[in-house]
There are 2 protein chains.
Amino acid sequence: MNVTTLCLAILFQEEATGYEIKKMSTDGKYSYFVDASFGSIYPALARLERDGFVTCREESQPGKPARKIYSITEAGRARFAANLLEEPEPDIFRSAFLLVTMYAPMLPRHVVSRAIDIRVNQLTQEIEKLTQLAAEEQTPGAHWAIDYGLCCFRQSIEYLNDNRERLEAIAGTANDSPLPAAAE
Amino acid sequence: MNVTTLCLAILFQEEATGYEIKKMSTDGKYSYFVDASFGSIYPALARLERDGFVTCREESQPGKPARKIYSITEAGRARFAANLLEEPEPDIFRSAFLLVTMYAPMLPRHVVSRAIDIRVNQLTQEIEKLTQLAAEEQTPGAHWAIDYGLCCFRQSIEYLNDNRERLEAIAGTANDSPLPAAAE
DNA sequence: GTTAGCATGTAAACAGTTACATGATTGT
DNA sequence: ACAATCATGTAACTGTTTACATGCTAAC
């Protein structure tokens, strides 16, 4: 999914500024679609407005730049809806954590332990985020998605806790490691 | 992870050609790191060779372009190892399937059903791939990673099978859908 | 006094994809 | 006949990030 579609997806549900879209795509409910930066969101919104898929009203604030609040148009709704009807692209999972596990034999034990700790932490935070989202959220589709996410993340943490010793035992067992520190 | 690091990661474990690296990053064991195209792999290998991180020997084949088999150097091993010691970046999950679930109320039921079918299929294939990989694979780190993946994927399929009716029941319940087809 | 949050926007730089060029072999 | 697999490589294009510019307010 590209930034333009992300903007339409969010504006389909609620009005928002570019700043708010950025937050939602980085931490919020829409973080499972794209993580976009300001440098891609602002130009995307300008293009969407130029092409009639969104409209914009300004709200001036004393001392700050005016908030530009975007709303989706009928053309915008239709475009996003048509998008949703297409076959969804495959889900993507990319993991620097798994890279560490694959090369565990050549890594010092503490590096492997730290990687597990970081991953468990990340998952815990993700669960907290979803729990909070569920409390605020009303739409039934979002609720289903949140429940699914919670189930997957909990299972993942459980697996990590149950199997971390097995992985830590592998650490540092390679005898041809290019890391002098591996022997420590 | 970028394409250059991917090449080093693979060449750390085994010699390979650009073509083989492409396959491994798209379907194989390394598909959880980056999915790279030829247009990025060949230039990356050329840069790595120029900078002394890999070496290359050619194996001519009648009727085909010569295979350029790359091997990692000590400098390359050191560079990749240093990379692994850094704090791993957070794992990334991006899902077009979850987008469909979130907007289920405005979608016709068959679109939602199809999205679930596609996702279950994708997960099933992922499990088959990992099972096959486990049969071929020797390194203990890779085995741990595969077991972890299998656990997550199985759990995910189970959830989808147990909760698909609940999601399908939501489909088409929005009365303000921009899709005329939603009423079918 | 310094960091974080709010708020918009631009331009250069970068990484990567897509499409093209070339061509034999094997399977359907 | 046609598609897929093997095999390398380049060039144009695209989308996105990073860094910059600007500036107020509130918290620590």
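In what follows, chains carry the letters A, B, and so on, assigned in the order in which the sequence lines appear, proteins first and then strands, with residues in each chain numbered from 1.
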Any non-hydrogen side-chain atom of B/Phe93 less than 4.5 Å from a side-chain atom of A/Ile92?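 The answer is no, as the side chains (C-beta and beyond) never meet within the 4.5 Å cut-off.
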Parallel, tilted or perpendicular: ring planes of A/Tyr19 versus A/Phe38, cut at 30 and 60 degrees: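 The arrangement is parallel - the two ring planes meet at less than 30°.
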Is atom CD of A/Glu136 surrounded by more than 12 heavy atoms (other residues, nucleotides or ligands) closer than 6.0 Å?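 Yes, the 6.0 Å shell around CD holds more than 12 heavy atoms from other groups.
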Over all strands shown, is B/Ala66 touching base, sugar-phosphate only, or nothing at heavy-atom distances under 4.0 angstrom?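 Touches sugar-phosphate only.
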For the pair made of [atom1] in [X] and [atom2] in [N], what is the distance, rounded to whole Å?
X	N	atom1	atom2	result
A/Arg67	C/dT8	CZ	P	7 Å
A/Met1	D/dT16	CE	C1'	16 Å
B/Asp35	C/dT17	CG	P	7 Å
B/Arg57	D/dT8	CZ	C1'	17 Å
B/Ile92	D/dT16	CD1	C1'	14 Å
B/Lys22	D/dA4	NZ	C1'	14 Å

Quick test: give all pairs of protein nitrogen or oxygen and nucleotides 9-11 of chain D nitrogen or oxygen below 3.5 Å, distance rounded to 0.1 Å.
from: D/dG9; atom 1: OP1; to: B/Lys68; atom 2: NZ; distance (Å): 2.6

Protein-nucleotides 24-27 of chain C N/O pairs closer than 3.5 Å?
from: C/dA24; atom 1: O4'; to: B/Gly63; atom 2: O; distance (Å): 3.0

Is the shortest distance from a Lys or Arg side-chain nitrogen in [X] or [Y] to a carboxylate oxygen in the other one below 4.0 Å?
X	Y	value
A/Arg67	A/Glu20	yes
B/Arg164	B/Glu168	yes
A/Glu15	A/Arg57	yes

Contacts of A/Thr5 that satisfy side chain to side chain contact (heavy atoms under 4.5 Å, CB included) - sequence neighbours left out: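 Side chain to side chain contact (heavy atoms under 4.5 Å, CB included) list for A/Thr5, sorted by chain: A/Met1, A/Asn2, A/Phe80, A/Asn83.
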Which nucleotide, [options], lies nearest any side-chain atom of [X]?
X	options	result
A/Tyr19	D/dT5, C/dT17, C/dT8	C/dT8
A/Pro65	D/dT16, C/dT8, C/dG16	C/dT8
A/Lys23	C/dC6, D/dT5, C/dT17	C/dC6

Cation-pi geometry met for A/Arg94 and B/Tyr32 (6.0 Å, 45°):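 No, A/Arg94 does not lie over the aromatic ring of B/Tyr32.
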Residue mapping more 5' on DNA chain D - nearest nucleotide basis, B/Thr17 or A/Ser37: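 With A/Ser37 and B/Thr17 compared, the 5'-side residue is B/Thr17.
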Using the rule given for side chain to side chain donor-acceptor pair (under 3.5 Å), can you reason through A/Tyr148 versus B/Ser156, listing the C-alpha separation, both sets of side-chain angles and the distance that settles it, and then say yes or no? CA-CA 8 Å; A/Tyr148 176 47; B/Ser156 197; 2.5 Å; yes
